[in-house]
Amino acid sequence: GLYKAARLPVDELDRGLAALTARFPATGYIAVLRGADTVILRVREGTHPVRVGQREGAVLPAWITAIGKSLLARLDPAEVAALLPERLEWPELR
């Protein structure tokens, strides 16, 4: 139904994200796991004066972002162990 109405599921999620960022000062994200990486699909800037954000389309190791860690936490521990490298390192970010 969403496809026929020319609405993507991420657009539906974005409505809820907009409501949350209007209510709370933090920046909000919609993201998915792609292997051991987090892919940022949508970003809604918060109003808090101190912000560190990522751009839409950014691909970052899941273990370095809060949303990536929360996505990993939903997995079975064996799945997490299979996804993550043996040694977690901070990547060079561009």
Side-chain angles (χ1 to χ4, degrees):
L2 290 173
Y3 178 78
K4 287 182 178 182
R7 294 187 336 230
L8 297 173
V10 74
D11 294 331
E12 296 299 310
L13 293 171
D14 190 49
R15 289 191 227 309
L17 185 62
L20 284 172
T21 54
R23 185 172 175 197
F24 300 103
T27 297
Y29 295 94
I30 297 172
V32 295
L33 280 178
R34 185 177 68 193
D37 292 329
T38 302
V39 180
I40 306 296
L41 302 177
R42 291 287 166 89
V43 178
R44 288 283 182 160
E45 287 291 329
T47 57
H48 194 277
V50 178
R51 290 177 269 183
V52 177
Q54 294 298 327
R55 62 177 166 69
E56 289 181 5
V59 179
L60 301 158
W63 64 88
I64 69 166
T65 65
I67 194 165
K69 290 173 188 176
S70 68
L71 291 169
L72 288 172
R74 297 178 59 92
L75 301 177
D76 182 84
E79 291 177 284
V80 174
L83 281 176
L84 298 181
E86 190 173 309
R87 180 177 165 95
L88 301 179
E89 296 182 9
W90 194 268
E92 279 287 319
L93 300 178
R94 292 182 228 142

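In the hydrophobic clustering of ILVMFWY residues, with side-chain heavy atoms under 4.5 Å counting as a link, Leu41 and Leu20 come out apart.
Contact annotation: the side chain of Val32 never approaches that of Leu71 to less than 4.5 Å [non-hydrogen atoms, C-beta and beyond]. Using a 4.5 Å cut-off on side-chain heavy atoms (C-beta onward), Val59 and Arg34 make contact.
In this structure, Leu84 CG and Trp63 CH2 are separated by 6.5 Å, a value rounded to the nearest 0.5 Å. Between Leu17 atom CG and Arg44 atom CZ the span is 6.5 Å, to the nearest 0.5 Å.
For Glu86, there are no side chain to side chain donor-acceptor pair (under 3.5 Å) partners two or more places apart in sequence or in a different chain. For Leu13, the side chain to side chain contact (heavy atoms under 4.5 Å, CB included) partners at least two apart in sequence or on another chain are Ile30. With sequence neighbours left out, the side chain to side chain contact (heavy atoms under 4.5 Å, CB included) criterion links Arg23 to no other residue. In this structure, the side chain to side chain contact (heavy atoms under 4.5 Å, CB included) partners of Thr65, at least two apart in sequence or on a different chain, are Thr38, Leu60, Ile67. By the side chain to side chain donor-acceptor pair (under 3.5 Å) test, Arg87 pairs with Glu89, sequence neighbours left out. A search for side chain to side chain contact (heavy atoms under 4.5 Å, CB included) contacts involving Pro77 returns nothing, not counting sequence neighbours.
When every heavy atom of Ile40 is checked against every heavy atom of Gln54, the shortest pair comes out as CG1-CB, 4.3 Å. Between Arg42 and Asp11 the shortest heavy-atom distance is NH2-OD1, 2.6 Å. For the residue pair Leu33 and Ala62, the shortest heavy atom distance occurs at CD2-CB, 3.7 Å. Here the closest heavy-atom approach between residue Ala26 and residue Thr21 is recorded as O-CG2, 3.6 Å.
Side-chain atoms of Tyr29 do not come within 3.5 Å of backbone N or O of Glu56 as any donor-acceptor pair.
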